[in-house]
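Computation of the quantities below employed the complete heavy-atom set of this structure, encompassing side-chain atoms and omitting hydrogens, waters and symmetry-equivalent molecules.
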Amino acid sequence: MTDMWMVRAGRNAFLIEEFIQKSIIAIGWNLGDLSNKSKEDIKNIVNEKFPNNSKGQNAIIAAQEFKFLSELKIGDYVLSYNPSTRKYLLGEITSDYIYSNILSEKFDDDDYSDIRKVKWLGDIERDKLKVSTKNTLGSISTLFYINETAQKDILNIFNGVTNENDSPDDSEDDDVSILMNEIEDKSKEFIKDIINSLDWDEMQELVAGLFRAMGYKTIVSPPGSDRGKDIIASPDGLGLEDPVIVIEVKHRNQSMSATHIRSFKGALKKTNKGVYVSTGGFTTDAKYEAERSEIPIILMDLDTLVKFILQYYDNFDADARSLIPLKKIYWPIK
């Protein structure tokens, strides 16, 4: 099967009309002429051009430039998306790599000077594609390869062909649900990464911010010996009005043991409520120790902490949000 590639027409597809009118696709990061450059050459050029980028960012740029230069071939199919019409342009690549100012002359910038000529064949309505194909085409990358299953769906729609062996896509709702769950799981792992990168003081402030979001006022202990009281949360902020919640925060890799819980419990008054936060989790014995405590003690591991952060994030104040900046997205539910 002929290879098929997605090449996006710049941010928000602002180049889509230029792609159509000039019969081209284009990418670029103003790196100069890359003709005959090796993968290593391109990596070095990118690193020199963007010294403040992370290694990962520069690796992505270099990989996409090398694909455009060396992996795309004459005769390959190419797609580009027009969000205003919700249609994918389908074309056939007709040239090797060209370094050109055909776009920079109009837009006064050389960011899209890596060109290939294309014969545009027509367009495909996004709504006619299978959900699995839409998911494949949802990558935000500037340039990526389209797998064979998605290619088949795209070409069938374009040619008006329905394979007899193709059953109706009754599992589309399941596909959407699976994708949503995957994204949710990934986002939670990224949030955990952010939490684990915080230092101890920041972690303590994050937990205090969570309890403020839950409606309490907090007192955060200064650095040094706190005798098991990192944070005091209460309705009045002074610890005079019940419930008074004593919070211990341990920002470590290792699990907290029953001994840690007993020590924490020993610092509590009978009228207190206890919350023990440990990013390293808890041993089975520690959980048992908390369960049988006559003073209520809640254990909060990293997963539980993330759950509560997501639940109360809308109420976070600016200080807490600065420690763990998140952006809400909305997902359609059928």
Side-chain angles (χ1 to χ4, degrees), residues 1-28 63-107 111-173 175-176 179 332:
M1 178 179 284
T2 303
D3 288 337
M4 182 181 289
W5 305 86
M6 167 67 82
V7 178
R8 299 201 179 278
R11 185 178 293 275
N12 298 320
F14 79 100
L15 290 172
I16 197 72
E17 294 302 323
E18 299 297 318
F19 277 22
I20 296 170
Q21 293 171 13
K22 293 181 169 60
S23 298
I24 60 169
I25 51 174
I27 68 167
Q64 293 194 359
E65 283 281 16
F66 184 75
K67 282 181 182 177
F68 193 86
L69 176 69
S70 301
E71 296 185 21
L72 275 65
K73 306 182 298 296
I74 294 173
D76 283 355
Y77 288 118
V78 64
L79 285 184
S80 197
Y81 185 54
N82 186 345
S84 64
T85 62
R86 289 181 55 79
K87 293 180 179 180
Y88 292 95
L89 288 171
L90 176 65
E92 181 183 332
I93 297 173
T94 60
S95 80
D96 289 322
Y97 166 83
I98 301 168
Y99 179 69
S100 168
N101 63 0
I102 190 172
L103 293 176
S104 60
E105 288 179 334
K106 179 173 181 178
F107 294 99
D111 281 358
Y112 295 89
S113 53
D114 301 324
I115 306 291
R116 281 180 180 266
K117 293 286 187 179
V118 172
K119 177 183 177 182
W120 294 113
L121 305 175
D123 52 43
I124 299 151
E125 294 181 27
R126 175 177 168 82
D127 293 337
K128 291 183 178 180
L129 297 171
K130 294 180 179 180
V131 169
S132 57
T133 303
K134 294 176 187 177
N135 293 343
T136 297
L137 299 178
S139 170
I140 62 174
S141 297
T142 300
L143 164 66
F144 59 89
Y145 179 78
I146 299 171
N147 65 53
E148 290 187 8
T149 302
Q151 285 185 47
K152 180 180 178 182
D153 183 34
I154 291 163
L155 293 175
N156 281 347
I157 296 299
F158 180 74
N159 293 316
V161 173
T162 301
N163 291 336
E164 294 182 0
N165 294 331
D166 286 348
S167 59
D169 198 353
D170 295 330
S171 63
E172 289 195 352
D173 288 346
D175 288 342
V176 171
L179 180 62

If you measure from CZ on Arg116 to CG on Leu69, what distance do you get to the nearest 0.5 Å? 7.5 Å

Please check if the distance between the ring centroids of Tyr77 and Phe158 is under 6.0 Å. no

Please find the pair of heavy atoms, one from Leu103 and one from Ala26, that lie closest to each other, and give the distance. CD1-CB, 3.7 Å

Just wondering, do Ile154 and Tyr88 contact through their side chains at under 4.5 Å, heavy atoms? no

Side-chain heavy-atom pair Leu72, Leu143 within 4.5 angstrom cut-off: yes

Provide the closest heavy-atom pair for Ile27 versus Glu65 in the form atom of the first, atom of the second, distance. CD1-OE1, 3.9 Å

Side chain to side chain, Thr136 and Thr149, heavy atoms closer than 4.5 Å: no

Would you say that Leu79 contacts Leu90 through its side chain, given a criterion of any heavy-atom pair below 4.5 Å between the two side chains? yes

Residue pair Gly91 / Val118: nearest heavy atoms and the distance that separates them: CA-CG1, 3.9 Å

Heavy-atom pair of closest approach, residues Ile74 and Thr94: CG1-C, 4.1 Å

Does Asn12 use its side chain to pair, donor to acceptor, with the backbone of Phe14 at less than 3.5 Å? no

If we only count heavy atoms from C-beta on, is the Phe19 to Arg8 side-chain gap below 4.5 Å? no

From the list Gln151, Lys67, Met4, side chain to side chain contact (heavy atoms under 4.5 Å, CB included) partner of Tyr145 resolves to Gln151

Do the side chains of Lys73 and Ile93 get nearer than 4.5 Å, heavy atoms only? no

So CG of Leu89 and CE of Met6: to nearest 0.5 Å the spacing works out to 9.5 Å

So for atom CG, which belongs to Asn159, do other residues, nucleotides or ligands contribute more than 12 heavy atoms lying within a distance under 6.0 Å? yes

Any side-chain heavy atom of Tyr112 within less than 4.5 Å of one from Glu18? no

Looking only at heavy atoms, which two atoms of Trp120 and Ser80 are closest? And how far apart? CH2-CB, 4.3 Å

Closest approach of Lys117 and Ile24, non-hydrogen atoms and distance? CD-CG2, 4.1 Å

Please report the interatomic distance CZ(Arg126) to CD1(Ile157), rounded to the nearest 0.5 Å. 13.0 Å

Looking at CD of Glu92 and OG1 of Thr2, how far apart are the two atoms once the value is rounded to the nearest 0.5 Å? 8.0 Å

About how many Å separate OG1 of Thr142 and CZ of Arg11, when rounded to the nearest 0.5 Å? 9.5 Å

Measuring only between side-chain heavy atoms, which start at C-beta, is Thr85 closer than 4.5 Å to Ile16? no

Okay, side chain of Asp153, backbone of Lys130: is any donor-acceptor separation there less than 3.5 Å? yes

Measuring from Tyr81:OH to Lys87:NZ, what's the distance to the nearest 0.5 Å? 11.0 Å

